[in-house]
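None of the values given here were measured: they were computed from a predicted structure.
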Amino acid sequence: MQRSFVMIKSDGVKRGLVGEVIGRLERKGYSILEAKLTTPDRATVEEHYAEHKERPFFGELVNFILEGPVMAMVVEGENVIEVIRLMVGDKDPRQAAPGTIRGDFANSTTKNIIHASDSVESAEREINIWFSK
Ligand code: CDP
Ligand code: MG
């Protein structure tokens, strides 16, 4: 069994997509082990996106996440990391396939509803950031 860190971003919460996203994960057969609606501080979001610190979109990204509460979750299942990334879809709206969460609900590269860990190492790091404090 594997665990992923999944976050419904501030746009997803604002747009009322929490139930939709959690429903998709549940119907896929995954277990929600932890879930909290939380308004993070800037340091937490900057740590979460540390790999993008030098990128030109970093400031805009962090400010966007801080616009409102996010739904932070730990999701468990077989190969959950890779499969949820498939369910999430591409960050570029031109590439996000219909049927994926971003393909169905996002039209912006920044405001794209959901984050999901991209590796076992990222999942461990992110779960620690969001659920050990
Ligand atoms: O979220 P994902 O892992 O699919 O993409 P990423 O390349 O790791 O980028 C993290 C997040 O930064 C994206 O989900 C977008 O919200 C944001 N981003 C952006 O605002 N502009 C870009 N050109 C690339 C990413
Ligand atoms: Mg990423």
statement: side-chain contact (heavy atoms from CB on, under 4.5 Å) filter on Lys14, not counting sequence neighbours, yields Glu67
message: Distance to the ring centre below 6.0 angstrom and angle to the axis at most 45 degrees; does that hold for Lys36 and Phe131?
response: yes
message: Holding to side-chain hydrogen bond (donor to acceptor under 3.5 Å, both in side chains), I want the full list of residues that pass it with Arg42, two or more places apart in sequence or in another chain.
response: Asn63
- prompt: Between Leu33 and Ile22, is there a shared hydrophobic cluster once you connect ILVMFWY residues whose side-chain heavy atoms come closer than 4.5 Å?
  reply: no
- line: Residues at least two apart in sequence or cross-chain that pass side-chain hydrogen bond (donor to acceptor under 3.5 Å, both in side chains) with Ser122, listed by chain then number, are Asp118, Ser119
field: ILVMFWY network linking Ile129 to Phe64, side-chain heavy atoms under 4.5 angstrom
entry: yes
- line: Taken to the nearest 0.5 Å, the spacing of His115 NE2 from Ile113 CD1 works out to 15.0 Å
Just distance, no hydrogens or angles: give the donor-acceptor pairs under 3.5 Å from side chains in residues 93-105, sequence neighbours left out.
| from | atom 1 | to | atom 2 | distance (Å) |
| --- | --- | --- | --- | --- |
| Arg94 | NE | Asp92 | OD1 | 3.2 |
| Arg94 | NE | Asp92 | OD2 | 3.4 |
| Arg94 | NH2 | Asp92 | OD2 | 3.1 |
| Thr100 | OG1 | Ala97 | O | 2.6 |
| Thr100 | OG1 | Gly103 | N | 2.9 |
| Arg102 | NE | Asn112 | O | 3.3 |
| Arg102 | NH1 | Gly89 | O | 3.3 |
| Arg102 | NH2 | Ile114 | O | 2.8 |
| Asp104 | OD1 | Gly99 | N | 2.7 |
| Asp104 | OD2 | Arg24 | NH1 | 3.3 |
| Asp104 | OD2 | Arg24 | NH2 | 2.8 |

- prompt: Partners of Asp90 by salt bridge (charged side-chain N to carboxylate O under 4.0 Å, His left out), sequence neighbours excluded?
  reply: none
message: Does anything in residues 122-131 form a salt bridge (Lys or Arg N to Asp or Glu O under 4.0 Å)? List the pairs, not counting sequence neighbours.
response: none
- request: Work out which heavy atom in Val45 is nearest to a heavy atom in Pro40; give both atom names and the distance.
  value: CG2-CG, 3.7 Å
field: ILVMFWY cluster, Leu25 and Ile81 together (side-chain gap under 4.5 Å)
entry: yes
- prompt: Between Glu46 and Val62, is there a donor-acceptor pair closer than 3.5 Å when you use the side chain of the first and the backbone of the second?
  reply: no
- line: Residues at least two apart in sequence or cross-chain that pass side-chain hydrogen bond (donor to acceptor under 3.5 Å, both in side chains) with Arg55, listed by chain then number, are His52
Distance, nearest 0.5 Å, that separates CD1 of Ile8 from CZ of Arg15: 12.0 Å
- prompt: Considering all heavy atoms of both residues, which atom of Ala123 and which atom of Ser117 are nearest to each other, and what is their separation?
  reply: CA-OG, 3.3 Å
field: In one Ile/Leu/Val/Met/Phe/Trp/Tyr side-chain cluster, 4.5 Å: Leu86, Val6
entry: no
task: To the nearest 0.5 Å, tell me how far Lys28 NZ sits from Ile84 CD1.
output: 10.0 Å
- prompt: Quick one: CZ on Phe57 to OH on Tyr49, what's the gap to the nearest 0.5 Å?
  reply: 9.0 Å
task: Nearest 0.5 Å please: distance from the CG atom of Leu17 over to the CG atom of Asp11.
output: 8.0 Å
Taking only distance into account, with no hydrogens and no angle test, what donor-acceptor pairs under 3.5 Å do side-chain atoms of residues 70-79 form with protein atoms, sequence neighbours excluded?
| from | atom 1 | to | atom 2 | distance (Å) |
| --- | --- | --- | --- | --- |
| Glu76 | OE2 | Arg3 | NE | 3.2 |
| Glu76 | OE2 | Arg3 | NH2 | 3.4 |

Backbone N/O of Thr110 and side chain of Ser108: donor-acceptor pair under 3.5 Å: yes
Those residues that, when tested against Lys91, pass salt bridge (charged side-chain N to carboxylate O under 4.0 Å, His left out) (two or more places apart): none
